[in-house]
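Below is one structure, written out as structure tokens; comments come after it.
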Amino acid sequence: MRFPILTPQEAADIFKNGDNVGFSGFTAPGSPKVVTEALAQRAEKLHEEGEPFKINIFSGASTSDRCDGALARANAIGIRTPYQNLPDLRKRINSHDAHYFDLHLSELAQKMRYGFYGDLDIAVIEVSDIKDDGTVVVGTGVGNVPTYASRAKKIIIELNEKYRHSLYGLHDIYLPLDPPNRGEIPIFKPSDRIGSPVLKLDPEKIVGVVMSDNYEGVKPFSTLDETTMKIGANVCSFLIGEMKAGRIPSTFLPIQSGVGNVANAVLYGLADAKEIPPFAMYTEVIQDAVIDLMKKGRCKFGSTCALTVSNAVEDEVIDNIEFFKEHVVIRPAEISNSPEVIRRLGVIAMNTALEADIFGNINSTHVTGTKMMNGIGGSGDFTRNAYISIFSCPSITKEGKISNIVPMVSHVDHSEHSVDILVTDQGIADLRGKDPVQRAHEIINNCAHPMYRELLTDYLKLGTAGQTPHTLQASLAFHTEFLSSGDMRNVNWANFVK
């Protein structure tokens, strides 16, 4: 090999305090593993010696415990964007030890190229293969690799032997021109390939290669429970009804699905929904359920930014890689999440919410309006440009002490203008063509849990003025009551009547 082989510790020594660093990957797949752990150890040692050490991390989405987790525990993260999902980093963010700014996933690469965040000092890129001229086959998550590779002053490669050098042909690496020279992104169906199966790096930037042999560490999703199964069934029922009504073509449309147990339940529901023909996906992540749908012939093709699958399923994909090369393409985030392509293809967007209010606004990120959970991710990219935008969540959590349908969300990520359909385990609220009060009745009657319907209806009666009849002094009463007594059911509207 032309490039020097480095130990993880030797690679870690290249970083300086305050460096802007771009990490490959999108969710855990494709993100660095061994360099970041060594970097966390170096940070801890420097801190013990009284030396400051933090880096600013730009990724594709979340990473893994070996990256965000290790560096957060070492308090080695200064700035972090665009998405995260690990408890240790979440604690740093909510205590302001790490400065996190949330961002739509489609936007980071282009904003980096525009120079909005300064120079990029180092890119750490996981690959499955590398040639002496700097040509690489990246891992199972692309994220913003093309941009980070072009912008970085130095590149460190993690060569992951776990992929068995088998991934050539799985990727479609495409970098759009920047304004004012950008043309259309020429994707007209999910299976279109418009770029290259490889990424060509400047060999002069590559300072070394670190060897690894590591799984992504994606945990299997929880077993489907009654609540998630009901949500999945309700989403499928809605889609079938739209087909029968002629509002979705009989050939169906591409699907996007967010990450998590509820999203996984919806996908498993599609396996048994025989009224829906085999379909394609244009999405940001492919989970275990999608691989199962592909094997059953229910999902005929998937365009994605990452294979976010469990270790056992990743092994299965690599063992049957030729089959999956015919059914999967992995793209950069600004292509997988491109608003232009999403709208052109007519993607049906299915995302999850922490809570929704009775007027159709969605909180995806902040618990009780203050504590960051994960981030907005790509949900905004899809929901604002979707053919139909669907959000789902359980109607209650914590054995009914929390209603996920509230008078007013404590933080707004997706306004009422971006939400067509709301689904819970209780039912389906079709918000299309309805004014705020009509939406409120639709959501209360169809999505709220019965134990909260009277409370929500009485809140609506408190308001008497305006198109959206909020009573501002009472609008966050569900949240303040939970913070006070631990149970939203204890709200007493009489306390808010003059």
Side-chain angles (χ1 to χ4, degrees), residues 26-30 128 137-142 162-164 166-172 187 189-193 197 215-216 218-221 223-224 228-229 232 235-236 239-240 243 248 251-331 335-337 341-342 345-350 378 382:
F26 192 93
T27 65
S128 62
V137 179
V138 296
T140 53
V142 177
K162 188 65 74 174
Y163 297 133
R164 306 178 217 164
S166 66
L167 302 188
Y168 178 85
L170 198 59
H171 305 89
D172 187 43
I187 294 175
K189 56 183 184 299
S191 58
D192 283 346
R193 292 174 180 264
Y215 278 116
E216 312 298 348
V218 176
K219 296 179 180 178
F221 287 100
T223 303
L224 300 184
T228 53
M229 288 177 67
V235 171
C236 291
L239 294 173
I240 292 167
M243 283 186 62
I248 293 178
T251 52
F252 212 58
L253 290 167
I255 287 176
Q256 173 261 340
S257 176
V259 180
N261 289 321
V262 171
N264 227 34
V266 172
L267 292 170
Y268 276 118
L270 290 172
D272 300 321
K274 302 306 182 185
E275 298 93 333
I276 296 174
F279 57 89
M281 296 190 71
Y282 194 86
T283 190
E284 54 193 344
V285 292
I286 282 180
Q287 303 177 105
D288 286 6
V290 180
I291 299 300
D292 191 50
L293 288 169
M294 287 178 175
K295 292 189 297 182
K296 293 177 178 178
R298 295 291 294 140
C299 180
K300 56 188 180 183
F301 195 88
S303 170
T304 186
C305 191
L307 288 176
T308 308
V309 296
S310 61
N311 292 350
V313 174
E314 186 170 0
D315 251 347
E316 183 179 1
V317 169
I318 294 174
D319 287 341
N320 300 278
I321 194 66
E322 296 308 318
F323 170 83
F324 287 103
K325 285 177 184 178
E326 296 297 320
H327 292 82
V328 175
V329 62
I330 308 179
R331 310 184 191 275
I335 307 302
S336 69
N337 291 48
V341 178
I342 292 164
L345 298 183
V347 174
I348 298 169
M350 303 187 298
F382 284 92

Original post:
How far apart are the C-alpha atoms of Phe252 and Leu239, what are their side-chain angles, what is the distance that settles it, and do they pass the side-chain contact (heavy atoms from CB on, under 4.5 Å) test?
Top reply: CA-CA 9 Å; Phe252 212 58; Leu239 294 173; 4.2 Å; yes
Original post:
Which residues pass the salt bridge (Lys or Arg N to Asp or Glu O under 4.0 Å) test with Lys189, sequence neighbours left out?
Top reply: Asp192
Subject >> Closest non-hydrogen atom pair between Cys305 and Ser336, with its separation >> reply: CB-OG, 3.4 Å
Original post:
Is the closest side-chain heavy-atom distance between Arg164 and Ile321 below 4.5 Å?
Top reply: no
**OP:** Go through Ile255 and Leu270 one step at a time and tell me if the side-chain contact (heavy atoms from CB on, under 4.5 Å) criterion holds.
**Re:** CA-CA 11 Å; Ile255 287 176; Leu270 290 172; 3.6 Å; yes
Subject >> Considering all heavy atoms, the nearest Cys299-Met281 contact >> reply: SG-CG, 3.8 Å
Original post:
Who pairs with Phe323 by ring pair (Phe, Tyr, Trp, His ring centres under 6.0 Å), at least two apart in sequence or on another chain?
Top reply: His327
Original post:
What pair of heavy atoms forms the shortest contact from Pro254 to Pro190, and how long is it?
Top reply: CG-CG, 4.0 Å
Original post:
Counting distance only, does the side-chain N/O of Thr283 pair as donor-acceptor with the main-chain N or O of Ser257 below 3.5 Å?
Top reply: yes
Subject >> Candidate pair Ile286 and Met294, rule side-chain contact (heavy atoms from CB on, under 4.5 Å), full reasoning >> reply: CA-CA 11 Å; Ile286 282 180; Met294 287 178 175; 4.0 Å; yes
Subject >> Euclidean distance, Lys274 NZ relative to Cys236 SG, rounded to 0.5 Å >> reply: 11.0 Å
**OP:** Return yes if some donor-acceptor pair links the side-chain N/O of Gln256 with the main-chain N/O of Met350 below 3.5 Å, else return no.
**Re:** yes
Subject >> More than 12 heavy atoms of other groups within 6.0 Å of Met243 CE >> reply: yes
Subject >> Glu316 and Asp319, any side-chain heavy atoms less than 4.5 Å apart >> reply: no
Original post:
Does Ile276 offer a backbone N or O that forms a donor-acceptor pair with the side chain of Arg298 under 3.5 Å?
Top reply: yes
Subject >> Asp315 versus Tyr215, side-chain donor and acceptor atoms under 3.5 Å >> reply: yes
Original post:
Taking the side chain as C-beta and beyond, is there a heavy-atom pair between Leu307 and Phe324 under 4.5 Å?
Top reply: no
**OP:** May I ask you to check whether over 12 heavy atoms, not counting those of Glu275, lie within 6.0 Å of atom CD?
**Re:** yes
**OP:** Let me see the working for Glu314 and Tyr163 under side-chain contact (heavy atoms from CB on, under 4.5 Å), right down to the final yes or no.
**Re:** CA-CA 9 Å; Glu314 186 170 0; Tyr163 297 133; 3.4 Å; yes
Original post:
Between Val317 and Thr140, is any pair of side-chain heavy atoms under 4.5 Å apart?
Top reply: no
Original post:
Taking the side chain from Ser128 and the backbone from Val137, do they hold a donor-acceptor pair closer than 3.5 Å?
Top reply: yes
Subject >> Over all atoms of both residues, closest heavy-atom pair of Leu293 and Leu267 >> reply: CD1-O, 3.6 Å
Original post:
Of the non-hydrogen atoms in Ser303 and Tyr282, which two are nearest, and what is the gap between them?
Top reply: OG-CE1, 3.4 Å
Original post:
What is the minimum heavy-atom distance between Ala306 and Thr304, and which atoms define it?
Top reply: O-OG1, 2.9 Å
Original post:
So do Phe26 and Thr308 actually touch side chain to side chain, heavy atoms under 4.5 Å?
Top reply: no
Subject >> Donor-acceptor contact present, side-chain Ser310 to main-chain Lys219, <3.5 Å >> reply: no
Original post:
Hey, what do you get for CZ (Arg193) to CZ (Arg331), rounding to the nearest 0.5 Å?
Top reply: 7.5 Å
Original post:
How far does CD1 of Ile187 sit from CD1 of Ile342, to the nearest 0.5 angstrom?
Top reply: 10.5 Å
Original post:
Any donor-acceptor pair under 3.5 Å linking the side chain of Glu216 with the backbone of Gly30?
Top reply: yes
**OP:** Only counting residues at least two apart or in another chain, list the ones meeting salt bridge (Lys or Arg N to Asp or Glu O under 4.0 Å) with Asp272.
**Re:** none
